[in-house]
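Shown next, in structure tokens, is the structure this report addresses.
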Amino acid sequence: MKKISTPLAPAAIGPYSQGMEANGFVFTSGQIPIDPSQGKIVADTIEGQAEQVMKNLQAVLAEAGVSFDRVVKTTCFLADLNDFAAFNAVYGKYFPGDAPARSCFAVAGLPMGAKLEVEVIAVK
């Protein structure tokens with residue numbers, strides 16, 4: 001296994017890695033919309049937070065040498081399922097071709113009051 005770490009995504013706020021590579025796959029930890037340059041959530045809207053989450057994921061994937069076109073599965077957590085359509089509008093921009101398999105859940109709460117969290121699995 002190989003740990004994936006980049007300063008272009010938020011540092012882990014607990015005992016976990018930004019991502020791990022194992023057996024030809026890249027597994028990212030869930031990313032919330034923390035701006036890595038400020039260490040806090042700066043966007044208020046679901047669209048702004050979704051953009052930051054996807055940028056954070058993009059940075060972790062790039063550090064592992066892959067991009068969104070290699071993602072095979074995502075898991076998405078929304079604090080409010082009423083944000084589903086707005087989230088999808090942003091999410092879809094990052095997967096313009098064949099979209100990966102996906103699960104999406106409404107959750108009771110997320111770290112730092114985030115509106116969403118997304119994790120991905122990609123193939124090398």
Side-chain angles (χ1 to χ4, degrees):
M1 292 189 306
K2 177 183 172 190
K3 179 180 176 179
I4 301 164
S5 181
T6 176
L8 301 177
I13 55 174
Y16 62 89
S17 300
Q18 291 173 330
M20 293 294 289
E21 184 179 329
N23 296 325
F25 288 93
V26 175
F27 301 85
T28 72
S29 289
Q31 290 291 316
I32 61 173
I34 296 173
D35 179 327
S37 68
Q38 298 184 41
K40 63 182 182 178
I41 296 173
V42 294
D44 293 329
T45 66
I46 186 65
E47 295 88 354
Q49 288 196 13
E51 285 287 352
Q52 186 64 58
V53 164
M54 299 308 285
K55 288 177 186 175
N56 293 345
L57 288 166
Q58 192 170 38
V60 175
L61 290 171
E63 184 66 23
V66 296
S67 59
F68 283 116
D69 64 342
R70 303 298 292 168
V71 171
V72 295
K73 173 74 166 80
T74 67
T75 306
C76 309
F77 306 93
L78 299 176
D80 184 347
L81 210 49
N82 290 318
D83 289 333
F84 187 74
F87 164 69
N88 270 341
V90 174
Y91 176 93
K93 294 189 311 185
Y94 290 85
F95 299 105
D98 292 332
R102 180 176 90 172
S103 300
C104 188
F105 303 94
V107 296
L110 292 164
M112 299 177 70
K115 295 179 181 291
L116 74 154
E117 181 171 350
V118 179
E119 62 186 34
V120 305
I121 301 170
V123 66
K124 288 286 284 198

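Here the CD atom belonging to E47 is positioned 9.5 Å from the NZ atom belonging to K115, to the nearest 0.5 angstrom.
The two residues D44 and Q49 come nearest to each other via the heavy atoms O-NE2, 4.2 Å. Closest heavy-atom contact between A79 and L110: N-CD1, 4.1 Å. G39 approaches M112 most closely through the heavy-atom pair O-CE, 4.2 Å. Across every non-hydrogen atom of P111 and I13, the tightest pair is CB-CD1, 4.4 Å. Smallest separation of non-hydrogen atoms from Q18 and P10: NE2-O, 2.8 Å. Here the closest non-hydrogen pair linking L8 and P36 is O-CG, 3.4 Å.
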Fill in: Chi angles and distances behind the side-chain hydrogen bond (donor to acceptor under 3.5 Å, both in side chains) call for E51, Y91
CA-CA 8 Å; E51 285 287 352; Y91 176 93; over 6 Å; no
Practice prompt. Show your reasoning for whether side-chain hydrogen bond (donor to acceptor under 3.5 Å, both in side chains) applies to K73 and S103.
Written response: CA-CA 8 Å; K73 173 74 166 80; S103 300; 3.0 Å; yes
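Linking Ile, Leu, Val, Met, Phe, Trp and Tyr residues whenever their side-chain heavy atoms come within less than 4.5 Å places V60 and V90 in a single cluster. Criterion: ILVMFWY side-chain heavy atoms under 4.5 Å apart, direct or through other members. Under it, L116 and F95 are part of a common hydrophobic cluster. Cluster membership for V53 and F87, using ILVMFWY side-chain heavy atoms within less than 4.5 angstrom, is shared. Transitive grouping of hydrophobic side chains (ILVMFWY, heavy atoms separated by less than 4.5 Å) brings M54 and I46 into a common cluster.
In this structure, L57 and V118 have side chains that are in contact, with non-hydrogen atoms separated by less than 4.5 Å. Side-chain contact check for I4 versus E63: some heavy-atom pair is nearer than 4.5 Å. Two residues are said to be in side-chain contact when any heavy atoms from C-beta on lie closer than 4.5 Å; K3 and M20 meet this criterion.
Without hydrogens or angle criteria, E117 side chain to L78 main chain gives no donor-acceptor distance under 3.5 Å. Side chain of S29 to backbone of S17: a donor-acceptor contact under 3.5 angstrom is found. At distances below 3.5 Å, at least one donor-acceptor pair connects side-chain atoms of K124 with backbone N or O atoms of A64. Side chain of N56 to main chain of I32: a donor-acceptor pair is present (N/O by atom type, distance under 3.5 Å, no hydrogens or angles). Although no hydrogens or angles enter the test, the distance criterion places no donor-acceptor pair under 3.5 Å between the side chain of Q52 and the main chain of A43. For the pair R102 (side chain) and T74 (backbone), a donor-acceptor distance under 3.5 Å is absent.
Partner of V71 under the side-chain contact (heavy atoms from CB on, under 4.5 Å) criterion, chosen from V26, L61, V66, V123: L61.
Every residue was checked against the salt bridge (Lys or Arg N to Asp or Glu O under 4.0 Å) condition with E119, not counting sequence neighbours, and none meets it. Residues meeting the salt bridge (Lys or Arg N to Asp or Glu O under 4.0 Å) test with K55, sequence neighbours left out: none.
Other residues, nucleotides and ligands place no more than 12 heavy atoms under 6.0 Å from the NZ atom of K40.
Using cut-offs of 30° and 60° on the angle between ring planes, the pair F105 and F77 is parallel.
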